[in-house]
Chemist: 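Have a look at this one.
The figures that follow rest on heavy atoms only: side chains count, while hydrogens, waters and symmetry mates do not. Naming: A, B, ... by sequence-line order, numbering from 1 per chain.
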Amino acid sequence: MEAVQHLHSPCLVLAGAGSGKTRVITHKIARLMQPGYGADLAPSQIGAITFTNKAAAEMRERVKDLVGPRAAGKLMVCTFHSLGVRLLREDGEALGLKPQFSILDADDVTSILRDCGATTDAKLARSWQWQISLWKNMGLTSGQAMSVIKTDEEQVAVRVMKLYEERLLAYQAVDFDDLIGLPLKLLAEHEHVRAKWQRQLRHVLVDEYQDTNATQYEMLKLLVGPNGIFTAVGDDDQSIYGWRGATLDNLKRLPQDFPTLKVIPLEQNYRSTSAILRAANNVIQLNPKLFQKTLWSDLGEGEPVRLVECDNEEHEAERAVARIQAVRGGNASGVQAAVEWNNFAILYRANHQARIFEQALRKANIPYKVSGGQSFFDKAEIKDLCAWLRLLINNDDDPAFLRAATTPKRGIGHQTLGSLGEFAGQWKKSLFEALFADSLAAKLNARALGTLHEFGRFVNDLEYKARHTHGAEDAKAFLMEWLKEIGYEQHLYDNEENEKVAAARWNNVLDFVDWVAKRCGGEIENDGGMTTESERKSVLDVAQTISLITSLAERNADQNVVTLTTLHASKGLEWPHVVLAGCNEGLLPFSREEGEISGQQVEEERRLMYVGITRARLSLMVCVLRRRKKGREYVQAMPSRFVAEMKLGEGTPGESPRERIKRLREELAAKAKAAPPPSGD
DNA sequence: AGCGGCGTCATTTTT
DNA sequence: TGACGCCGCT
């Protein structure tokens, strides 16, 4: 394959949906390491960058199969963010960041912003958070953002951002956006650091390149240097994260920024039938093209795409369930394969659509999982424990301090913390530092002071032990001892009136303990024929990596259940049989008020539709609602314009639904004509 | 300080 | 339909 052979200049692989891009990347990595092909790189000189931990894990696994565990272990396969962490931990001191800095998750950020903006309104805080994140992703500081603000709300957001920046510095904490922005700054401003990493990484491969934002592209450029060699793999037609800062400009600019860039399109699709692919192509061809590309497959025509009209959401769920049962029973025309539950997925635009499907599936006794729901690390009990660990790593992490000091309740109340906070602010110390200051005694009564000191000593003691506890077994013992000392199990039962819920929470805690302990290693692992003792890490080492990890993917992989997922989260996945739910105007081209949607937004929504269609291998069912629930009552629902764009003419039996869709589509067009046309299309 | 009733309001989401 | 904020009451 050309993309794999091309080793000596920058390379852009335009990997259409289902064209086997992971295979290209893994084979290219193998080739780069293979002697006699001119590259001859050591594993440690190759970096493969992905967006999610899951993708990184999968990549590592696939490479391991090709080059063996030894070489694979030395490769740098990581996410943009974990790469950022590595840069900052190794060289961040040049920016005045101590190596044990804390990484804040989204909730921490929300509560800090509430504080900075002096409000209790989480929604307002989240809107700031959102805005600040966009600015950061464009590479702007609060000072620079000041010059681009348009509205009063943005004015306020900038002011809050300023305070927020100061606060993070004081906490020695960074948020997720900083994990890109700060390394970028580091590389840009410190030549020796830049030289070090450019020497280290001789070939960088970037997965899902179309999802990169402005700062990630800048970071990539600095990482590879002006003459750098890299492989970017992506698909402009699958760019669906514009709303969080990803920009196709990065794709546009690549040929200009790197004149020797070789562009290689991958147009053969190994996943879907021609019927499905034709529908996908019909839709996406209506978007302006950055690079020309038309997918084809030799998997045969296959079943026609089914268009199903449903009265409302409940009816839609019933029909989806009926479809699944029919295919599984082998009664559906043309589908013969042994059909397991995990061959099915129901895709939808917005999370709340899952509920009705869940009900219907439960009623039909069909096992399912909802992806993208609350993740393990979002659960309150896990966050409690993570706050403790964070405090051990970085004593100056005030948000962690507050959470740890008050969960479980240990006699440190709002009064005490208020005074402590005031004192700390006055002397520009972290809460933890302030707690041991002599002059604090003047501000607090003896009892409160005693409790605080006791807490501080406990944390110090714990920190010492965590630093010196290595290996899975000792780690587990240490963690259990700690939980016992803070009385965490009791705390759960005290604060949860429902005993079952408390038990479930405690179970999560135990899972968490096992998970951390496992990562402390020291156990004999079987690594594809070779047994190696994994590296022994201290509890503290492991704790440092936690905030980057958001799922326990290894725990619930490969369950034989039907998948319910949003279109966004479905990218990169595939199923033999797919149901595309709620293909209606306002929902799939999502729009807040009827018709209020810009041309750019429609394009991204169209790509989303394209992603959805191309998830299906053998059969695709597209659902359109006649009426949908809006608030409490049903409203007329227009079929999505994308349904007509699929041009499901050929070979569809049963003309009546199609006719009806056509009619509704025409009505929609007439209505659009009557109303003032949306700008920018 | 904590709890319960009432009104408001709803994309997508990884790290 | 439900999650959450706010306010007033104990």
Chemist: Of the listed nucleotides (dT15(B), dT13(B), dT1(C)), which one gets closest to any side-chain atom of Arg355(A)?
Modeler: dT1(C)

Chemist: Is any side-chain N of the basic residue among Arg62(A) and Glu58(A) closer than 4.0 Å to the acidic one's carboxylate O?
Modeler: yes

Chemist: Testing the 3.5 Å rule here: is there a donor-acceptor pair between the side chains of Asn508(A) and Glu381(A)?
Modeler: yes

Chemist: Please determine, for the side chain of Arg349(A), which listed nucleotide (dT15(B), dT11(B), dT13(B)) has the closest atom?
Modeler: dT11(B)

Chemist: Just how far, in rounded Å, is P of dA10(B) from CH2 of Trp130(A)?
Modeler: 14 Å

Chemist: Please determine if a side-chain N or O atom of Ser82(A) lies less than 4.0 Å away from the OP1 or OP2 oxygen of dT15(B).
Modeler: no

Chemist: To the nearest Å, how far apart are His568(A) NE2 and dT13(B) C1'?
Modeler: 8 Å

Chemist: What's the CZ-P distance between Phe590(A) and dT11(B), to the nearest Å?
Modeler: 6 Å

Chemist: Starting from C1' on dA3(C), measure out to NZ on Lys123(A) and report it in whole angstrom.
Modeler: 9 Å

Chemist: Tell me whether the side-chain N/O atoms of Asn351(A) come closer than 4.0 Å to OP1 or OP2 in dA10(B).
Modeler: no

Chemist: Taking atom P of dT14(B) as reference, at what distance in whole Å does atom CZ of Phe51(A) sit?
Modeler: 13 Å

Chemist: Within this structure, what is the OH-to-P distance between Tyr241(A) and dT13(B), rounded to whole angstrom?
Modeler: 7 Å

Chemist: Given dT15(B), is OP1 or OP2 found less than 4.0 Å from the side-chain N or O atoms of Asn53(A)?
Modeler: yes

Chemist: Find the distance Leu573(A):CG to dT14(B):C1' and express it as a whole number of Å.
Modeler: 14 Å

Chemist: Give the ring-plane orientation class for His568(A) versus Tyr241(A), where under 30° counts as parallel, over 60° as perpendicular and anything between as tilted.
Modeler: tilted

Chemist: Side chains of Asp207(A) and Thr50(A): donor-acceptor distance under 3.5 Å anywhere?
Modeler: no

Chemist: Within this structure, what is the CD1-to-C1' distance between Ile240(A) and dT13(B), rounded to whole angstrom?
Modeler: 10 Å

